[in-house]
There are 2 protein chains.
Amino acid sequence: MTTSPNADNGALLSDVLARIGDKWSVIVICRLDGRPRRFNELRRLAEGITQRMLSATLRRLERDGLVRRTVYATVPPQVEYALTERGRSLHMILYQLVDWTDDHLSGIQASRAAYDAAHAAPPEPRE
Amino acid sequence: MTTSPNADNGALLSDVLARIGDKWSVIVICRLDGRPRRFNELRRLAEGITQRMLSATLRRLERDGLVRRTVYATVPPQVEYALTERGRSLHMILYQLVDWTDDHLSGIQASRAAYDAAHAAPPEPRE
DNA sequence: CAGAATCCCGTAGGATACTG
DNA sequence: CAGTATCCTACGGGATTCTG
């Protein structure tokens, strides 16, 4: 840890999470890994995303310097989106969360089921 | 990396981020580090949180097995919240994000300023 | 002390239609 | 192809009040 990490960084972290904690940012970042992608290509890769949200997500990521937008003045307009160095470094951190998720998702789902069973409408808790 | 991580885990990751990407979860998790805390104690530590959101956040975290709730049948009712093992393991991952944020926040803010300057209302882009 | 219930509002985000 | 513009709804989340 480069800093004394405990108390106050929670709020700082919230800034980042507020940024990437939305529905699509992380998915787009993951889909941008490896090579640049074009708009409609991304649209297909990020299944379920709408034009509107893809557009908005990319603009935010670009504003934060996580994604670079390159326009080629070709006959059918062509635009490429690619991760910047900063975006790639974030992507590597996110992999840790992917791993954590892989390791804990089933356990979480089990916890949820148990919690719901214990708390949901116990009709007559027959003694 | 324990898994081939690329494409499809984005959606999986989104599940986790949807869970902890809200306004308060991460802050509460960070404030729960070290030792258990009581409700109003947490309320003071997570500055700005309302009862309603603290309550809801804790319930969700408990449901996911990230936090354990312990009730002591004392005269004034006393309830303690503590990170579970799973919660602690997540907390450690989050520290990586804290570090990343520390390293990149100023750069991000600079990017935002540059982006805004470049895109905001160029009244007459005097040639 | 530790919360549940109620009310209310802003915004994320989906569907759809239009444009350079 | 690569978007922008509108419209609309669901839900996160704040303020306030009530309770075991």
Side-chain angles (χ1 to χ4, degrees), chain A residues 10-11 14-28 31-32 36-64 67-82 115 118-122 125, chain B residues 10-11 14-28 31-32 36-64 67-82 115 119-122:
Chain A
S14 291
D15 287 342
V16 177
L17 285 169
R19 183 64 278 286
I20 63 170
D22 65 331
K23 189 169 179 182
W24 293 110
S25 291
V26 173
I27 296 183
V28 169
R31 295 308 188 266
L32 239 29
R37 300 285 189 176
R38 300 174 55 180
F39 189 87
N40 281 313
E41 193 180 4
L42 269 177
R43 229 186 117 184
R44 283 185 295 274
L45 291 172
E47 215 176 337
I49 200 171
T50 60
Q51 297 164 330
R52 194 176 106 81
M53 289 319 295
L54 178 54
S55 177
T57 301
L58 285 171
R59 245 183 293 114
R60 283 189 289 240
L61 294 175
E62 188 196 357
R63 189 171 104 104
D64 285 0
V67 159
R68 177 163 24 247
R69 179 176 186 268
T70 312
V71 182
Y72 299 99
T74 58
V75 181
Q78 178 168 345
V79 181
E80 262 188 8
Y81 293 92
Y115 183 96
H119 292 76
Chain B
S14 291
D15 287 343
V16 177
L17 284 169
R19 183 65 279 286
I20 63 172
D22 64 336
K23 188 169 177 179
W24 295 109
S25 291
V26 172
I27 295 183
V28 169
R31 295 307 188 268
L32 238 29
R37 300 286 189 175
R38 299 175 55 180
F39 189 87
N40 281 313
E41 193 179 5
L42 269 177
R43 230 186 116 185
R44 283 184 296 272
L45 290 173
E47 213 175 338
I49 200 171
T50 60
Q51 296 165 331
R52 193 176 108 81
M53 288 320 295
L54 179 56
S55 177
T57 301
L58 285 169
R59 248 184 292 114
R60 284 189 288 240
L61 293 175
E62 188 196 358
R63 189 171 104 103
D64 285 359
V67 160
R68 177 164 23 248
R69 178 176 186 269
T70 311
V71 181
Y72 298 99
T74 57
V75 181
Q78 177 169 349
V79 181
E80 262 187 8
Y81 294 91
Y115 183 96
H119 292 75

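Every value quoted in this text rests on a predicted model; they were computed, and no experiment measured them. Just so we're on the same page: letters track the sequence lines, and every chain starts at 1.
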> Would you say A/Ile49 and A/Ile27 make side-chain contact, with heavy atoms under 4.5 Å?
Replying inline: no
> For the side chain of A/Gln51 and the base of C/dA17, is some donor closer than 3.5 Å to an acceptor across the two?
Replying inline: yes
> Taking the side chain of A/Arg38 as its heavy atoms from C-beta onward, which of D/dA2, C/dC1, D/dT4 lies nearest to it?
Replying inline: D/dA2
> Is there a side-chain contact between A/Val28 and A/Val67 (heavy atoms, below 4.5 Å)?
Replying inline: no
> Taking the side chain of A/Trp24 as heavy atoms from C-beta outward, which of D/dT4, C/dA4, C/dG14 is closest to it?
Replying inline: C/dG14
> Between C/dA4, D/dG13, D/dT4, which nucleotide has the shortest distance from any of its atoms to the side chain of B/Met53?
Replying inline: D/dG13
> Which nucleotide sits closest to the side chain of B/Asn40: C/dG13, D/dG14, C/dA2?
Replying inline: C/dA2
> Whole Å only: how far is the CZ atom of A/Arg43 from the P atom of C/dG14?
Replying inline: 12 Å
> Whole Å only: how far is the CG atom of B/Leu54 from the P atom of C/dC1?
Replying inline: 14 Å
> Side chain of A/Arg52: nearest nucleotide among D/dT6, D/dT4, C/dG3?
Replying inline: D/dT6
> Just how far, in rounded Å, is P of C/dC1 from CD of B/Glu41?
Replying inline: 11 Å
> Out of D/dA2, D/dG3, C/dG14, which nucleotide sits closest to the side chain of A/Arg69?
Replying inline: D/dG3
> Any idea which of C/dC1, C/dG13, D/dG14 is nearest the A/Arg60 side chain?
Replying inline: C/dG13
> Does atom CD of B/Glu41 have more than 12 heavy-atom neighbours, drawn from other residues, nucleotides or ligands, at distances under 6.0 Å?
Replying inline: yes
> Does B/Pro77 reach the side chain of B/Val71, with side-chain heavy atoms less than 4.5 Å apart?
Replying inline: no
> Atom CD of B/Glu47 and atom C1' of D/dG14: how far apart are they, to the nearest Å?
Replying inline: 16 Å
> Taking the side chain of A/Tyr81 as its heavy atoms from C-beta onward, which of C/dA15, D/dG3, C/dG3 lies nearest to it?
Replying inline: D/dG3
>> Looking at A/Met53, is its backbone amide N or carbonyl O close enough to the side chain of A/Thr57 to form a donor-acceptor pair, meaning the two atoms are under 3.5 Å apart?
In response: yes
> Picking from D/dT4, C/dG13, D/dG13, which would you name as closest to the side chain of B/Asp22?
Replying inline: D/dG13
>> Between C1' on D/dG20 and OH on B/Tyr72, what's the gap in Å once rounded to a whole number?
In response: 20 Å
>> Does D/dT4 have OP1 or OP2 under 4.0 Å away from a side-chain N or O of A/Ser55?
In response: yes
> For the pair made of CZ in A/Phe39 and P in D/dG3, what is the distance, rounded to whole Å?
Replying inline: 6 Å
> To the nearest angstrom, how far is A/Arg59 atom CZ from C/dG13 atom P?
Replying inline: 13 Å
>> From CD1 of A/Ile49 over to P of D/dG3, roughly how many Å is that when rounded to an integer?
In response: 13 Å
